[in-house]
Amino acid sequence: MIEGGTIILKFWLSISSEEQERRFSARQETPHKRFKITADDWRNRKRWDDYLQAAADMFAHTNTAEAPWVIVATDDKYTARLAVLESLNRHLEAVLA
């Protein structure tokens, strides 16, 4: 794909355990958002460290100069959105210059 001119950027939106728990609790308590949270979500939180290790392994094996991972902290949604857009703009400007 890259040899054909495709620009690849991979974004990983990272959330802290504390913020994820806060959002899960808020969804559970908000009637029109309850469908967004399941027992599986709560169960999977117990394996937080396993997920962190799996993500680290994935980055180590799939991050390349031609198709980099961009890790974005998402505890603050507004700041995270700006970070994604700024990173995308920087990368595109560098590649297309």
Atom pair OG1 (Thr38) and CG (Asn44), whose distance is rounded to the nearest 0.5 Å: 7.5 Å
Euclidean distance, Arg81 CZ relative to Glu86 CD, rounded to 0.5 Å: 14.0 Å
Shared hydrophobic cluster for Leu92 and Val84 (ILVMFWY, side-chain gaps under 4.5 Å): yes
Check: Phe59 main-chain N/O paired with Asn63 side-chain donor or acceptor under 3.5 Å: no
Enclosure of Arg34 CZ (heavy-atom neighbours >12, cutoff 6.0 Å): yes
Heavy-atom check, side chain of Arg23 versus side chain of Ile15, under 4.5 Å: yes
Reported CD-to-CG distance for the pair Glu19 and Asp75, which is rounded to 0.5 angstrom: 5.0 Å
Side-chain H-bond candidate by donor/acceptor type, Asp57 with Gln53, under 3.5 Å: yes
Separation of Trp69 CH2 from Thr64 OG1 (nearest 0.5 Å): 11.0 Å
From CD1 (Ile7) to CG (Leu96), nearest 0.5 Å: 4.5 Å
Residue pair Ser17 / Trp48: nearest heavy atoms and the distance that separates them: N-CZ2, 3.4 Å
Residue pair Trp42 / Gln28, side-chain donor-acceptor N/O under 3.5 Å: yes
Hydrophobic cluster membership, Met58 vs Ile71, 4.5 Å side-chain cutoff: yes
Within 6.0 angstrom of Lys10 NZ, more than 12 heavy atoms from elsewhere: yes
Carboxylate-amine/guanidinium contact Glu93 Arg90, below 4.0 Å: no
Residues which pass side chain to side chain contact (heavy atoms under 4.5 Å, CB included) with Leu9, listed by chain and number, not counting sequence neighbours: Phe11, Pro68, Val70, Leu88, His91
Heavy-atom check, side chain of Asp41 versus side chain of Arg45, under 4.5 Å: no
Donor-acceptor pair, side chain of Ser25 and main chain of Glu21, under 3.5 angstrom: yes
Distance-minimising heavy-atom pair for Ala80 and Val72: O-CG1, 3.7 Å
